[in-house]
Amino acid sequence: MAEARTVEPSPSHEPWRARLRDLAVVAVVLVLAFVVDQTLDRVIPDSSVRQLLMLAACNVLVALSLNVINGMAGQFSIGHAGFVAIGAYASAITSSRLHERFGAGDPTFAHSFLVVPTSLLVSALCAGLAGLFVGLPSLRLKGDYLAIVTLGFAEIVRLTIGTAQISADETAGHAWSEVHGLGSFFHAISVSIAGLGGQNGYAGPHEKGVPAYAGPFWILGLTFILGVVAWRLKFSGWGRALRALREDEIAAAAVGVDPTRYKVTSFVISSVGAGIAGGLIAMMRDGNPTVQPESYNFQSSFDAITMVILGGSGSVTGAALGGVFVTFSVKLIELVQGTNAVQSLKRSAEWLDLNALRMIVYAAVLIALMVLRPEGLLGERELTLRTIRGWLRARQERRDRKAEDKP
Amino acid sequence: MSAPVEAKDVAALGATMRTKHPTRPDPSVAMGEPLLQVRDLRVAYGGIKALKGIDLEVRRGEVVALIGANGAGKTTTLKSIARLLPVASGTITFAGKNLATMTPEALVGAGVSLAPEGRAIFPNLTVLENLELGAYLHRDATAMRETIEDVTRLFPRLGERMKQEGGTLSGGEQQMLAIGRALMARPTMLLLDEPSLGIAPKLVQQIFAAIRAIAAAGVTILVVEQNTKVALSASHRGYVLRTGEIALSGNAKELLQNPEIQKAYLGG
């Protein structure tokens, strides 16, 4: 019998009650983040571990943002570090300038409520504009042009900042006041870029370091909230259209999805996320308060790709897991290298380049993953309570079956 | 459970289908008046002329079949109307609008939906998600729910597989999904590209019964088919293409009786 089954369409317009619930969740998260912020140095007295935790959270943001373009949109960007760098420099400059306005004492929690949002806004804006600038021409074309252009872009950002030099007596303010014509205009730009500190990195206007305004409250709170945003994005109508586009461009156009617009928008969103992550990384360091161009080399773009691929392209929870895993594994390898056994080995065999060894191990792990599980740990699936319960149930059933077989 | 749509049910099913677009005004073309007009359409692949000046017309409420042998230019014609191929010269007018300058995605907004060849559905999305994407441009909750109901009545098999991923469906079911997805946009006109391609004969009958029902609901249809007999039996009129030109055209019943066609395409 051809009976008409009523099917509930997925909720696209949510009632105000759901919005209220969202607000409540955000409020709870902020309170929790505040509690963690106030107690973290007692729970974890070791500051290097605290820093590692915060770095892991920032890397989760890097992975989540890259996942939008590489995982959800199915385009391949391999210059994510370029956008992280732009975000880092933008917020480093903004926060140190604001810090000076506040009298340049110790960064206070109250002031961070002005400094962090403003700096991150500037970061997001700069990185987003850069994303538009890179994405608009390269995403109109079919094929892997985005990969080529992003790779070039990240290297241009790093090398431009790293190699710009000026004589000691020139300042950006002076150079800009002297602009009359194209030549002096470009000179002023290069003086400004050189003001970022070149290879030595940017450490604030008076070389006192970038103030560490982004404490655990900001980093953990924002990571969680932006993680939820990424999750909602994936399952929204917008995210679904994006996945449709990745699966079949002609079919997507046949339902009215504009391919170029979606690709460019997702790339800009991805860049904005990278900018925010970079902005947080710049403002979180205790010990080494500079932003250096070498932190944003190809290796770090590649690390971001590893995070996304490891966890599973297109999976929000997968990207988050990948971010945590890569951060800790890099740290673990550093710790192993620092042990006495490895150090004495290094002394006895000087030809042994441990850093190169690290890359070999890394590559081997990736190759093994590509062979054994090409879709990543989670594939496109999400790690939720329900999926975990499903796995546990399946495991229990398997065990029960075995137990029945035995007697 | 999944009873095929019987011929006697078709008109009744069509009469209950809801096809009015939630926002777009109905085009000011009366039933039986020309809705789509193609004039002197020429398309070339590199130097090879695939279409050498096609003229065709689809009137509102009609089902028109475009038939012909492999390589005659049927799919090329449909793809240029659907804006998936660049047009060398000629005009394509739909309800007074010039389609030739539109992008494929803009066509949906104008009221023309395509069910692409080769069942281009989204394999990793569920059947329901595939359908919901069809309503991507209007996203009207009521219209979505209604059309999903209509589609499940047209294709009961889809109703049983709503939560399944599109890629796990059989070829015939994927074709049903492609048509259902196109209907979700509440089109004035439906373009069907080879709906019987690679599908079991029994399902072909079901799909064409559904096409009749959709036509009975008032949706104008242009269908490209290799299966001449099935296509012409479901259509009002037909055009026969041969090496990029229209060789014959006319009433579908007359074309079916035409000895030349019987000899060339129906194995008679």
Side-chain angles (χ1 to χ4, degrees), chain A residues 1-15 18 71-74 139-140 142 234-265 312-315 318 374-376 378-382 386 390, chain B residues 1-6 9 13 16 79 82-84 103-109 113-125 127-139 141 144-145 148-156 159-160 162-163 166-167 178 181-182 184-185 191:
Chain A
M1 205 187 89
E3 96 187 285
R5 249 213 296 178
T6 48
V7 179
E8 291 282 314
S10 319
S12 51
H13 304 288
E14 293 197 318
M72 285 159 67
L139 287 167
R140 296 185 73 87
K142 287 198 173 75
K234 178 177 172 180
F235 294 104
S236 67
W238 186 86
R240 197 182 295 160
L242 206 59
R243 280 188 291 155
L245 192 66
R246 186 192 59 193
E247 297 204 352
D248 195 321
E249 211 168 309
I250 287 183
V255 299
V257 175
D258 180 342
T260 308
R261 213 187 84 199
Y262 266 84
K263 285 187 210 162
V264 173
T265 315
S313 279
S315 167
E375 73 273 28
L378 290 177
E380 218 200 322
R381 275 163 305 178
E382 295 294 349
R386 199 189 303 164
Chain B
M1 285 291 279
S2 60
V5 184
E6 298 292 337
D9 302 334
L13 191 56
T16 59
K79 277 194 174 159
R83 304 304 314 115
L84 294 170
T103 57
E105 61 272 10
L107 220 60
V108 187
S113 281
L114 168 76
E117 183 185 25
R119 311 181 285 269
I121 54 142
F122 306 116
N124 293 321
L125 301 185
V127 170
L128 182 61
E129 285 178 317
N130 265 279
L131 288 175
E132 284 177 348
L133 266 168
Y136 166 78
L137 279 188
H138 63 73
R139 280 182 249 190
M144 271 163 90
R145 202 190 55 241
I148 289 174
E149 278 172 22
D150 289 345
V151 169
T152 30
R153 271 184 299 161
L154 276 180
F155 306 117
E160 295 160 15
M162 278 296 167
K163 298 277 173 216
R181 190 185 61 197
M184 291 295 290
L191 305 176

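Any value given below was found using the heavy atoms of this structure, including those in side chains, with hydrogens, waters and symmetry copies removed. Reminder, nothing fancy here: chain letters follow the sequence lines and each chain counts from 1.
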Using modelled atom types only, decide if a donor and an acceptor are shared between the side chain of His138(B) and the backbone of Met184(B) within a distance under 3.5 Å.
yes
Name the region of [X], side chain, backbone, both or neither, that has any atom closer than 4.5 Å to a heavy atom of chain A.
X: Pro104(B); answer: both
X: Leu131(B); answer: neither
X: Leu107(B); answer: neither

Going by atom types alone, do Arg181(B) and Ser113(B) pair a side-chain donor with an acceptor below 3.5 Å?
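No - no donor-acceptor pair under 3.5 Å links their side chains.
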So which of [options] has the biggest tally of heavy-atom pairs under 4.5 Å with chain A?
options: Gly109(B), Ala135(B), Pro123(B); value: Pro123(B)
options: Asn130(B), Leu191(B), Asn124(B); value: Asn124(B)
options: Leu114(B), Leu133(B), Asp150(B), Leu137(B); value: Leu133(B)

In terms of heavy-atom pairs under 4.5 Å with chain B, the winner among Val255(A), Ile250(A), Asp258(A) is Val255(A)
So which of Ala254(A), Ala244(A), Ala253(A) has the biggest tally of heavy-atom pairs under 4.5 Å with chain B?
Ala244(A)
Can we say Arg243(A) and Glu129(B) salt-bridge, meaning some charged N sits less than 4.0 Å from an Asp/Glu carboxylate O?
yes
Side-chain ion pair, Lys234(A) and Glu382(A), N-O less than 4.0 Å:
yes
Do Lys163(B) and Leu128(B) have side-chain heavy atoms sitting under 4.5 Å apart?
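They are in contact (side-chain heavy atoms under 4.5 Å apart), so the answer is yes.
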Go through the steps for Glu132(B) and Arg139(B) under the test salt bridge (Lys or Arg N to Asp or Glu O under 4.0 Å), then give the verdict.
CA-CA 8 Å; Glu132(B) 284 177 348; Arg139(B) 280 182 249 190; over 6 Å; no
